[in-house]
Trainee: 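My structure is below; once you've seen it, I'll send some questions.
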Amino acid sequence: MEKDHFSAASSVYEEHNKKVILKKDKEQSVKRYHPWIFSGAIRKITGNPVEGDIVEVFSAQEEFLALGHFQIGSIAVRIFSFHQVKPDLDFWHKKIETAFRLRLLIGLADNSQTTVYRLVNGEGDNMPGLVIDYYNGIAVMQTHSVGMYRMRHQLGHILKKLYGNKLTAVYDKSEATIPVKAGLEVKNEFLWGNLSRVTVTENNFNFFVDVAEGQKTGFFIDQRDNRKLLSNYCNGKNVLNVFCYTGGFSVYAALNHANLVDSVDSSVTAIEMTNENIRLNELSAGIHRSFCMDAFAFLRDIKNKYDVIVLDPPAFAKHQRALSNALQAYKRINQLALEQLRPGGILFTFSCSQVVSRENFRKSVFAAAANAQRNVEILHQLTQPPDHPVSIYHPEGEYLKGLVLFVE
Ligand code: SAH
């Protein structure tokens with residue numbers, strides 16, 4: 001059945017009958033390799049493509065521009081090639097192999113100290129709509145487009161070939177990422193194997209990950225380098241990790257000689273996993289405490305208790321229209337932390353909202369600092385690690401922003 005989908009997709013291309021023709025002068029962004037075609041730029045669609053079909057994109061002068069997955073919505077085509085290629089299994093195999101070789105190059109794909117990394121980062125790896133995370137043998141796929149979803153079995157097959165015996169399971173976790181209006185009734189499922197819990201190693205620290213029950217694909221892999229940076233600031237300090245999820249920053253702090261580490265998250269499951277991860281790393285009792293509660297409520301009364309605070313909230317804005325409320329929320333939470341840090345303290349503060357620009361985030365923190373009436377210096381400006389690459393043609397792919405602040 002799925003194989004049919006794939007060959008159907010290939011033959012669609014061979015027949016050259018599903019075309020998207022752009023309005024006059026709307027080809028500039030494609031010529032500059034931007035991977036999205038917005039519906040407003042389209043003059044004509046021929047061949048009646050349905051969601052997920054492969055379409056060819058042409059300029060108003062009928063010049064071939066690109067090949068991509070068609071979708072109903074504001075982003076009408078997600079481009080995966082700017083060449084007139086045949087998008088068969090071999091084509092996708094080469095793409096995934098290129099992504100894998102990049103992870104080898106940056107020292108992640110063959111590293112016993114780190115067994116968890118992102119293998120495919122959507123547009124950043126020239127595969128819009130596809131995310132694949134690797135968890136010490138388990139590959140978790142998250143598709144954001146119907147086109148990629150329809151290819152999930154082929155992609156699973158490619159992963160098996162790529163990793164061989166190292167691969168214990170392939171889990172498709174697209175239920176929350178495929179638009180509901182596509183009407184596919186997507187369910188998360190194992191495409192192969194059935195193992196959902198695994199222990200991964202990151203910079204030599206161990207973490208339990210449950211890819212099925214966990215948030216996103218199971219773990220916030222994108223904070224790896226920033227967690228490592230925190231290690232430098234923990235010796236003898238009281239550290240507070242707010243929005244701790246499964247305790248990533250907490251484990252790094254505790255194993256780097258913090259005096260005390262407190263972790264806060266509103267999710268019971270997250271706090272349970274944090275406690276498990278503290279035990280897994282054999283941390284001495286008494287150094288760590290967990291609090292299952294709302295971050296804003298917790299931060300109301302922590303005056304002078306902490307030398308280091310980490311704020312890594314979920315995306316406060318998922319859409320442009322939520323932007324101004326989100327900026328207010330970033331300001332509020334940062335102000336609470338900045339007002340109460342001990343003198344000479346350090347704040348690690350993040351935003352993972354794609355619609356919040358680096359500039360806007362910095363302005364929110366600036367307003368928070370001014371309201372808190374503290375002297376604040378920026379020590380580090382942080383972003384996502386290299387296994388979450390950003391295509392130079394798609395700056396929207398840079399979503400993670402962080403600041404490390406010295407608070408006098
Ligand atoms: N820093 C973490 C990732 C944080 S993800 C890591 O390195 O793994 C964001 C977390 O914030 C989630 O675990 C979510 O449960 C939690 N969260 C969301 N809203 C919250 C709130 N109002 N108070 C406390 N925690 C919250």
Side-chain angles (χ1 to χ4, degrees), residues 114 116-118 133 135 140 176 199-203 205-211 213-231 233-234 239-256 258 261-278 280-281 288-302 308-318 322 325-326 328-337 347-354 356 382-385 387-388 399-404:
T114 297
V116 49
Y117 57 89
R118 177 155 290 188
D133 287 338
Y135 289 100
V140 183
T199 303
V200 300
T201 307
E202 185 187 87
N203 291 318
F205 301 136
N206 297 320
F207 295 95
F208 285 124
V209 175
D210 190 322
V211 301
E213 297 302 320
Q215 299 183 26
K216 298 283 172 80
T217 64
F219 193 60
F220 289 82
I221 306 174
D222 54 0
Q223 288 287 24
R224 180 196 313 111
D225 291 355
N226 303 332
R227 288 193 273 257
K228 192 169 181 195
L229 182 68
L230 177 74
S231 309
Y233 291 95
C234 294
V239 180
L240 172 64
N241 180 12
V242 191
F243 307 99
C244 67
Y245 185 45
T246 57
F249 283 101
S250 309
V251 166
Y252 278 67
L255 280 163
N256 281 287
V261 182
D262 284 347
S263 302
V264 181
D265 201 286
S266 56
S267 146
V268 182
T269 341
I271 288 294
E272 281 169 3
M273 288 285 273
T274 297
N275 293 338
E276 277 194 57
N277 283 328
I278 292 289
L280 179 67
N281 289 280
H288 179 263
R289 300 182 299 188
S290 296
F291 300 85
C292 185
M293 65 185 284
D294 175 66
F296 290 85
F298 186 91
L299 285 172
R300 237 164 252 148
D301 184 24
I302 53 155
V308 179
I309 298 180
V310 179
L311 294 180
D312 183 23
F316 283 152
K318 295 215 164 80
N325 283 346
Q328 282 302 318
Y330 286 118
K331 190 181 91 185
R332 261 200 308 138
I333 196 125
N334 280 284
Q335 186 175 333
L336 282 168
L347 176 65
F348 275 65
T349 182
F350 297 97
S351 161
C352 61
S353 310
Q354 193 153 10
V356 173
L382 308 178
T383 184
Q384 60 217 53
D387 52 333
H388 295 61
Y399 66 94
L400 186 61
K401 298 146 295 271
L403 294 169
V404 181

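Whatever order the structure lists them in is the order used to number ligands and atoms, beginning at 1.
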Trainee: Tell me the closest heavy-atom pair linking C244 and S250, and the distance in Å.
Mentor: CB-OG, 4.3 Å

Trainee: Under 3.5 Å, N/O to N/O: give me all the pairs between ligand 1 and the protein, one per line with atom names and distance.
Mentor:
{"residue": "ligand 1", "atom": "1 (N)", "partner": "F243", "partner atom": "O", "Å": "3.3"}
{"residue": "ligand 1", "atom": "1 (N)", "partner": "D312", "partner atom": "OD2", "Å": "2.7"}
{"residue": "ligand 1", "atom": "7 (O)", "partner": "R227", "partner atom": "NH1", "Å": "2.7"}
{"residue": "ligand 1", "atom": "13 (O)", "partner": "Q215", "partner atom": "NE2", "Å": "3.2"}
{"residue": "ligand 1", "atom": "13 (O)", "partner": "D265", "partner atom": "OD1", "Å": "3.4"}
{"residue": "ligand 1", "atom": "13 (O)", "partner": "D265", "partner atom": "OD2", "Å": "2.7"}
{"residue": "ligand 1", "atom": "15 (O)", "partner": "Q215", "partner atom": "NE2", "Å": "3.2"}
{"residue": "ligand 1", "atom": "15 (O)", "partner": "D265", "partner atom": "OD1", "Å": "2.7"}
{"residue": "ligand 1", "atom": "22 (N)", "partner": "D294", "partner atom": "OD1", "Å": "2.7"}
{"residue": "ligand 1", "atom": "23 (N)", "partner": "A295", "partner atom": "N", "Å": "2.8"}
{"residue": "ligand 1", "atom": "25 (N)", "partner": "S266", "partner atom": "N", "Å": "3.1"}
{"residue": "ligand 1", "atom": "25 (N)", "partner": "S266", "partner atom": "OG", "Å": "3.2"}

Trainee: Answer yes or no: is there a donor N or O on one side and an acceptor on the other, between the side chain of Y245 and the main chain of Q215, under 3.5 Å?
Mentor: yes

Trainee: Using modelled atom types only, decide if a donor and an acceptor are shared between the side chain of T114 and the backbone of N203 within a distance under 3.5 Å.
Mentor: yes

Trainee: Could you check whether R224 pairs with D387 (Lys NZ or Arg NE/NH1/NH2 to Asp/Glu carboxylate O, under 4.0 Å)?
Mentor: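 Yes, this pair counts.
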
Trainee: Please name all residues satisfying ring pair (Phe, Tyr, Trp, His ring centres under 6.0 Å) with F298, sequence neighbours left out, ordered by chain then number.
Mentor: F291

Trainee: Return the CG to CG distance between L336 and L299, rounded to the nearest 0.5 Å.
Mentor: 5.5 Å

